[in-house]
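Written out below as structure tokens is the structure these notes cover.
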Amino acid sequence: MHRRDRDRHAGAPAGRVRTHAVAGAVTAVVLAPLAWPGYALRYDMVFVPRQPLNWEMLAPADSLPRAVPLDALVSLANVAIPGWLLQRIVLVAVVYLAALGAARLMPAARTGPRLVAALAYAWTPFLAERLLLGQWALLLAYAALPWLVSAARDVRDHRPGGLPRLVLASALAAVTPTGGLIALAAVLVLLPLRSRATWIAFVSVAGLNLPWLVAALTGPAGGVSDPEGVPAFAARAENWAGAWWSLAGTGGLWNASTVPASRASVLTPVVTLLLLAIAAVGLPLLRRRLPGLTDRLLILAAGGFVLAALGSGPGEPLLEWVVGHVPGGGLLRDGQKFLIPYALILALAFGAGAERLAGALARRFEPSAGRVLLGGLLLLPVAVMPDLAFGGLGALKPVHYPADWDAVARQVAAAPGDVLSLPFEGYQSYSWTDGVVVRDPAPRYLDAPVLINDALRVGTVTVDGESPRAAEVQRHLAAGRPAAELGFRWVLVRVGAGAGPPAEVLAGLRPAYAGEYLQLWSNSSVTSTSPANFDRRIFALAAHAAFAVVVIFYALALLRTRRRSW
């Protein structure tokens with residue numbers, strides 16, 4: 001063994017320790033507020049103490065299955081793990097696995113470039129904006145992608161354990177429809193089409209997508225979405241350089257209130273240009289070290305970028321037609337979420353570019369000059385977006401649920417039945433959340449079917465939802481007619497969330513609970529929940545069982561592979 005090879009081999013354990021240490025440090029800095037007790041509630045991020053496991057978690061009756069199979073998995077985990085702890089586990093997993101996965105995938109013998117790639121992937125506008133929007137499940141797909149690509153490389157090289165690891169990484173991504181589609185596309189693009197392993201992987205990952213596909217195909221919610229959502233959810237310019245340049249820096253989220261203030265800096269586009277330039281320098285090196293795979297990952301990233309830019313350019317009319325006429329087309333309206341593969345190839349190329357530039361500097365001057373450059377590029381993402389630290393400078397501050405929620409949950413559990421949540425708005429700000437906008441917790445807190453409004457307000461635009469029942473209830477309430485006529489066993493009123501329902505809406509209802517934050521009204525004319533579609537439940541259960549079978553099968557296969565290697 002040559003001396004240089006021995007040095008590298010001896011330094012490998014130390015390099016792994018440094019990689020884990022940096023991933024842990026980034027995680028601690030980003031999620032520091034979670035050291036305090038409570039729940040970090042923000043937009044779509046709603047964890048509750050014990051989420052019930054019921055049919056609504058398997059196949060929502062009145063909405064598209066955007067959280068399938070996620071809700072069922074959370075409910076199962078809540079059997080053993082309380083909600084406050086589960087939230088911390090998944091958020092730590094997101095940041096830690098994203099950083100560690102990018103570092104492990106980065107093809108470099110030295111630790112420095114690996115750490116640069118780790119920070120370039122774990123400290124991005126994409127992660128910051130989706131985290132502050134509360135879309136932690138989408139970020140699981142973000143964290144899983146480097147591991148999926150690494151497994152795809154092993155499958156291409158016929159290494160043992162590659163296929164099980166690929167499917168298991170895909171399972172982490174497939175907890176939501178968007179992540180499942182990205183995983184499915186990654187399998188088709190990254191693996192050779194004529195390979196038997198490719199089609200085994202494709203069928204397996206397709207099986208992981210069955211829960212939300214079956215729920216969507218058998219549910220009463222409309223398959224098409226409101227075309228008004230295309231401009232409302234289109235990528236947004238975060239600074240003077242425009243929407244597409246924001247996308248190039250992995251930003252551009254439609255919700256301005258969840259974007260770190262640093263993204264509006266006049267220097268941000270300049271830093272994005274520097275990032276792209278260094279990535280361009282590193283791309284040839286990356287292609288040499290990951291032959292074939294790099295080009296395929298570039299194709300996947302290009303496709304994701306096109307989808308992200310479609311709603312904010314000449315492709316907007318086409319996207320509006322797809323969303324309004326093609327079942328499931330609504331998945332494409334928030335296209336910025338498809339930037340995940342682009343963010344990964346950008347981080348890897350940036351790490352390779354940093355290695356090339358540091359090497360050139362070390363040869364031109366002295367080794368310490370190269371190390372200084374690597375250190376500067378390592379901290380560049382933090383320097384240009386420091387407000388991701390400490391949970392977006394306190395945006396993820398934990399709060400506590402008022403005791404009213406437990407009191408209402410007990411009453412509903414004692415006499416189960418459909419619940420109507422008022423005011424009829426899916427997202428509200430509450431005094432007990434310090435004014436932070438949160439999706440109505442009732443569907444996850446109460447062990448009963450809860451109807452909330454699935455229409456979304458984006459600025460001055462209201463994007464219609466897909467639930468026929470919610471639309472009917474909205475028209476009924478807008479006319480000032482009594483909620484008692486709608487057939488709900490319970491009506492939950494959130495006190496202080498807006499003006500509250502007028503007295504005529506509550507006519508015919510009997511007060512069952514009155515607290516500081518919640519009121520519960522009983523409809524004595526309704527004694528049970530609405531009849532369920534038995535066939536739909538069987539299909540939903542079978543689809544979730546298929547998901548579980550795929551995961552268990554490949555987990556056992558990976559375990560057998562590891563035992564053989566021992």
* Carboxylate-amine/guanidinium proximity below 4.0 Å for Arg130 and Asp334 -> yes
* Asked: Is there a side-chain contact between Leu247 and Leu339 (heavy atoms, below 4.5 Å)?
  -> yes
* To do: Mind listing the closest non-hydrogen atom pair of Val68 and Pro177 along with its distance?
  => O-CD, 3.9 Å
* Looking only at heavy atoms, what is the nearest atom pair of Arg439 and Val46, with distance? -> O-CG2, 3.5 Å
* Asked: Is the centre of the Tyr342 ring less than 6.0 Å from the centre of the Phe126 ring?
  -> no
* Asked: Between Asp447 and Val412, is a side-chain contact (heavy atoms from CB on, under 4.5 Å) present by the stated rule, with each step listed?
  -> CA-CA 7 Å; Asp447 192 3; Val412 172; over 6 Å; no
* In terms of ring plane angle, is the pair Trp254 and Phe233 parallel, tilted or perpendicular, where the classes change at 30° and 60°? -> perpendicular
* Asked: Looking at CG of Leu145 and CD1 of Ile340, how far apart are the two atoms once the value is rounded to the nearest 0.5 Å?
  -> 7.0 Å
* Got Val30 and Leu388 here, is their nearest side-chain heavy-atom distance under 4.5 Å? -> yes
* Counting only N and O atoms by type, is there a donor-acceptor contact under 3.5 Å from the side chain of Glu129 to the main-chain atoms of Pro260? -> no
* Roughly how far, to the nearest 0.5 Å, is the CD1 atom of Ile81 from the CZ atom of Arg50? -> 9.0 Å
* Asked: Side-chain donor-acceptor pair under 3.5 Å between Arg494 and Ser421, yes or no?
  -> yes
* Counting N and O atoms only, with roles assigned by atom type, does the side chain of Tyr121 sit under 3.5 Å from a partner on the main chain of Tyr142, one being a donor and the other an acceptor? -> yes
* Asked: If we only count heavy atoms from C-beta on, is the Ser262 to Pro386 side-chain gap below 4.5 Å?
  -> yes
* Ile182 and Phe338: CA distance, side-chain angles, deciding distance, side-chain contact (heavy atoms from CB on, under 4.5 Å) verdict -> CA-CA 8 Å; Ile182 291 174; Phe338 292 104; 4.0 Å; yes
* Asked: What's the shortest heavy-atom distance between Leu34 and Leu396, and which atoms?
  -> CD2-O, 4.1 Å
* Asked: Would you say Trp147's side chain and Leu168's backbone share a donor-acceptor pair under 3.5 angstrom?
  -> no
* To do: Go through Leu131 and Val94 one step at a time and tell me if the side-chain contact (heavy atoms from CB on, under 4.5 Å) criterion holds.
  => CA-CA 10 Å; Leu131 180 63; Val94 162; over 6 Å; no
* **With Asp71 via side chain to side chain donor-acceptor pair (under 3.5 Å) - residues at least two apart** => Arg444
* To do: Would you tell me whether Gln51 and Ser75 have side-chain atoms, one donor and one acceptor, within less than 3.5 Å of each other?
  => yes
* **Residue pair Leu53, Leu76: steps toward the side-chain contact (heavy atoms from CB on, under 4.5 Å) verdict** => CA-CA 7 Å; Leu53 180 60; Leu76 282 174; 3.7 Å; yes
* Ser312 vs Arg236 side-chain heavy atoms within contact, under 4.5 Å -> no
* Asked: Can you tell me how far NZ of Lys337 sits from CG of Leu307, rounded to the nearest 0.5 angstrom?
  -> 10.0 Å
* Expected output: side-chain Glu238 to main-chain Gly252 donor-acceptor under 3.5 Å -> yes
* Between Trp136 and Val90, is there a donor-acceptor pair closer than 3.5 Å when you use the side chain of the first and the backbone of the second? -> no
* To do: First locate atom CH2 of Trp521, then atom CG of Leu509, and finally report the distance between them rounded to the nearest 0.5 Å.
  => 7.0 Å
* Asked: Within a radius of less than 6.0 Å around CH2 of Trp244, do more than 12 heavy atoms belonging to other residues, nucleotides or ligands occur?
  -> no
* Those residues that, when tested against Tyr513, pass side chain to side chain donor-acceptor pair (under 3.5 Å) (two or more places apart) -> Asp404
* Which residues share a side chain to side chain donor-acceptor pair (under 3.5 Å) with Glu228, sequence neighbours left out -> none
* Of Asp44, Asn453, Ile452, which is the lone residue that meets side chain to side chain contact (heavy atoms under 4.5 Å, CB included) with Tyr427? -> Asp44
* Closest non-hydrogen atom pair between Val48 and Pro441, with its separation -> CG1-O, 4.5 Å
* Would you say the side chain of Arg333 lies within less than 4.5 Å of the side chain of Pro227, judging by non-hydrogen atoms? -> no
* Asked: In Å, rounded to the nearest 0.5 Å, how long is the span from CZ of Phe305 to CG of Leu346?
  -> 10.0 Å
* Minimum heavy-atom distance Gly38-Pro398, with the two atoms named -> C-CB, 3.7 Å
* Would you confirm whether Gln87, through its side chain, and Ala40, through its main-chain N or O, come within 3.5 Å as a donor-acceptor pair? => yes
* Provide the closest heavy-atom pair for Leu132 versus Ala395 in the form atom of the first, atom of the second, distance. => CD2-CB, 3.8 Å
* Backbone N or O of Thr268 within a donor-acceptor pair of the Thr272 side chain at under 3.5 Å? -> yes
* Any sub-3.5 Å donor-acceptor pair from Thr258's side-chain atoms to Asn255's backbone N or O? -> yes
* Would you find more than 12 non-hydrogen atoms of other residues, nucleotides or ligands less than 6.0 Å from Phe390 atom CZ? -> no
* Asked: Do Leu41 and Tyr401 have side chains that get closer than 4.5 Å, going by heavy atoms?
  -> yes
* salt_bridge(Asp454, Arg66) N-O dist < 4.0 Å -> no
* Kindly write out the residues that satisfy side chain to side chain contact (heavy atoms under 4.5 Å, CB included) with Ala144, not counting sequence neighbours, or none if the list is empty. => Leu172, Ala173
* To do: Using modelled atom types only, decide if a donor and an acceptor are shared between the side chain of Arg489 and the backbone of Val526 within a distance under 3.5 Å.
  => yes
* **Residue list, side chain to side chain donor-acceptor pair (under 3.5 Å) with Tyr39, at least two apart or on another chain** => none
* Structure fact -> Rounded to the nearest 0.5 angstrom, the CH2-OG1 distance for Trp212 and Thr176 is 9.5 Å
* Give a yes or no on whether the backbone of Trp432 and the side-chain of His400 come within a donor-acceptor separation of less than 3.5 Å. => no
* Structure fact -> Taken in chain and number order and not counting sequence neighbours, the residues that satisfy side chain to side chain contact (heavy atoms under 4.5 Å, CB included) with Ser431 are Tyr517
* To do: Please tell me if the side chains of Trp84 and Pro37 come closer than 4.5 Å, counting only heavy atoms from C-beta onward.
  => no
* Asked: With a 4.5 Å heavy-atom cut-off, do Ser265 and Asn239 have their side chains touching?
  -> no
